[in-house]
Amino acid sequence: MRANFIFSEVWIGLRRNLTMTVAVIVTVAIGMALLGIGLMINAQVGSMSSYWSDKVQVSAFLCKKNDPFQACKGRGAVTPQEREALKTQIEGMPQVDRVFYEDQQKAYENFKASYSSNNVFLSIVKAEDMPEAFRVKLKNPDEYKPVFDVLSGMPGVSFVSNDKQLLEKFFGLMNRLRNAALIVAVIQVFAAILLIGNTVRLSAYNRRRETGIMRLVGASNLYIQLPFVMEGTIAGLVGGVISAILLMLAKVVVFDGMQSYFVLSTQLGWSEVAQVITLTTVVGVLICVLASFVTLRRYLRV
Amino acid sequence: MIHFDNVTKVYVNQNRPALDHVSVDVDKGEFVFLVGPSGSGKSTFLRLVLKEERPNSGAIHVAGKDLARLSNFKVPHLRRRIGCVFQDFRLLPNKNVYENVAFALEVIGKPRRFIRKVVPEVVELVGLDGKAHRMPDELSGGEQQRVAMARAFVNRPMILLADEPTGNIDPATSIGIMKVLDRINRTGTTVVMATHDAAIVDSMRKRVVELEDGKIVRDQSRGVYGQAY
């Protein structure tokens with residue numbers, strides 16, 4: 001096998017079909033970048049949901065003085081009796097795993113920890129603005145409904161929030177984004193396959209003299225087909241590299257940028273990005289090789 | 001070397017066979033003219049030898065191999081033992097003489113050292129020494145055909161098939177081409193040449209196989225083209 005001979009043939013082929021090659025590269029790059037983004041969203045959602053699965057809780061916030069919530073209108077802060085009744089009620093429910101009481105000072109500290117970067121916010125809010133709360137950890141986060149309903153109707157409760165519902169809204173959005181990215185990626189892959197088919201056909205037509213002579217003098221099928229498949233492979237690789245750059249940009253700009261909007265998210269690591277990049281590049285090259293091979297069978301008689 | 005036993009070939013969508021129960025033997029080192037009008041089956045014969053086509057019936061042996069039992073995978077190896085020359089030369093226009101000849105060796109993976117040694121020898125054998133760096137469009141038709149012959153012969157094939165090699169060349173130049181073919185034949189290579197050129201056949205006095213409508217109508221050693229033409 002004469003490697004430099006093959007490579008010079010490949011180079012000639014790529015140069016002759018420059019516009020088609022560029023089209024293949026761009027299509028593969030976009031398709032693989034979108035596939036990668038879909039996978040990255042998946043990884044992000046996966047790591048977030050496992051991070052949150054043992055932390056989700058139902059929180060019952062209690063009325064404080066001059067509470068604006070509808071349930072607390074026309075009455076003062078929660079009384080010790082009401083608080084005690086609530087505690088007993090919550091602990092008596094079969095769905096409940098544990099319950100913690102959080103007083104105003106504790107709530108304020110938690111608030112400070114979460115918004116440590118936001119000085120304006122911190123300077124306005126004081127400890128007496130924070131509501132007391134019961135933080136209820138459920139045995140199964142999916143069975144929040146009875147607990148949620150009971151707590152909502154109890155006197156002294158201003159408002160009940162369920163982390164699960166909040167997260168589900170967020171995860172739902174992420175899943176829709178992922179699906180959209182994957183659908184466009186599939187369309188791009190389809191376009192890439194057609195483009196590669198066309199490129200190979202053009203290339204086979206341009207080089208019909210050479211391949212005719214190669215057949216005549218007894219070049220093996222591999223030797224005749226390899227330059228064509230290599231053209232596809234190189235286009236796929238270049239597309240893969242471009243998509244890798246796009247994915248790294250996406251990690252820095254979109255995924256890391258998201259941290260400043262959602263305090264609740266976990267960081268998407270570089271190792272996950274590297275995995276996604278490896279996978280998308282392999283997929284891109286494989287698609288190119290297979291598409292070249294299949295069209296070669298049609299347009300190149302050996 | 002080439003053995004046809006009752007070979008019939010009918011192309012798809014054609015009623016009349018291109019070759020009709022043809023049996024012929026060509027021995028090692030022979031020089032055979034294949035003559036006959038257009039459509040008489042000369043080219044089909046050559047294509048069958050190369051396994052470009054398959055016969056509908058009958059057996060073909062080339063260089064000791066039964067072509068029916070030769071897997072597609074091994075066809076390239078068969079073709080390496082057969083050189084081919086055509087009426088239209090089939091040179092690569094963007095490669096010079098040396099590169100055109102070297103191409104035949106490069107694509108079968110011969111080492112570069114070997115190519116550098118062998119190609120100039122063959123270029124000289126066909127009488128093109130000093131023109132190795134000319135491009136095909138700088139050569140006359142006869143010279144281009146010599147390049148094609150050098151390319152066909154450079155891998156020292158056992159058989160050389162020539163399909164009307166003088167078809168595009170004037171009679172004076174044709175004599176030179178025939179001399180090269182004769183020289184190649186003298187190295188022990190079997191030569192089968194399909195031709196219309198009566199003058200050449202008559203002057204060479206070699207074996208003549210005449211085809212008409214796919215049938216062999218004459219097989220004559222030291223023959224001439226025939227009275228009919």
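Worth saying up front: this structure is predicted, and the values here are computed from it rather than measured. Below, read A as the first sequence line, B as the second, and so on, with proteins coming before strands; counting in each chain starts at 1.
Contact of B:Pro93 with chain A is made through the side chain alone, with heavy-atom distances under 4.5 Å. No part of B:Leu78 comes within reach of chain A, as not one of its non-hydrogen atoms sits under 4.5 angstrom from that chain. Neither the backbone nor the side chain of B:Asn100 comes within contact range of chain A; no heavy atom of the residue lies under 4.5 Å from a heavy atom of that chain. Only the side chain of B:Phe103 comes within contact range of chain A, with heavy atoms under 4.5 Å apart. Interface residue B:Lys95: only side-chain heavy atoms are found under 4.5 Å from chain A.
Residues A:Arg178 and A:Asn42 bring a donor and an acceptor atom of their side chains to less than 3.5 Å of each other. For the residue pair B:Asp170 and B:Thr173, a side-chain donor N or O sits within less than 3.5 Å of a side-chain acceptor on the partner.
Between B:Pro37 and B:Leu211 the shortest heavy-atom distance is CD-O, 3.8 Å.
Classification of A:Lys251 and A:Asp256 as a salt-bridged pair holds, one side-chain N sitting under 4.0 Å from a carboxylate O. A salt bridge links A:Arg207 to A:Glu231: one of the charged nitrogens lies within less than 4.0 Å of a carboxylate oxygen.
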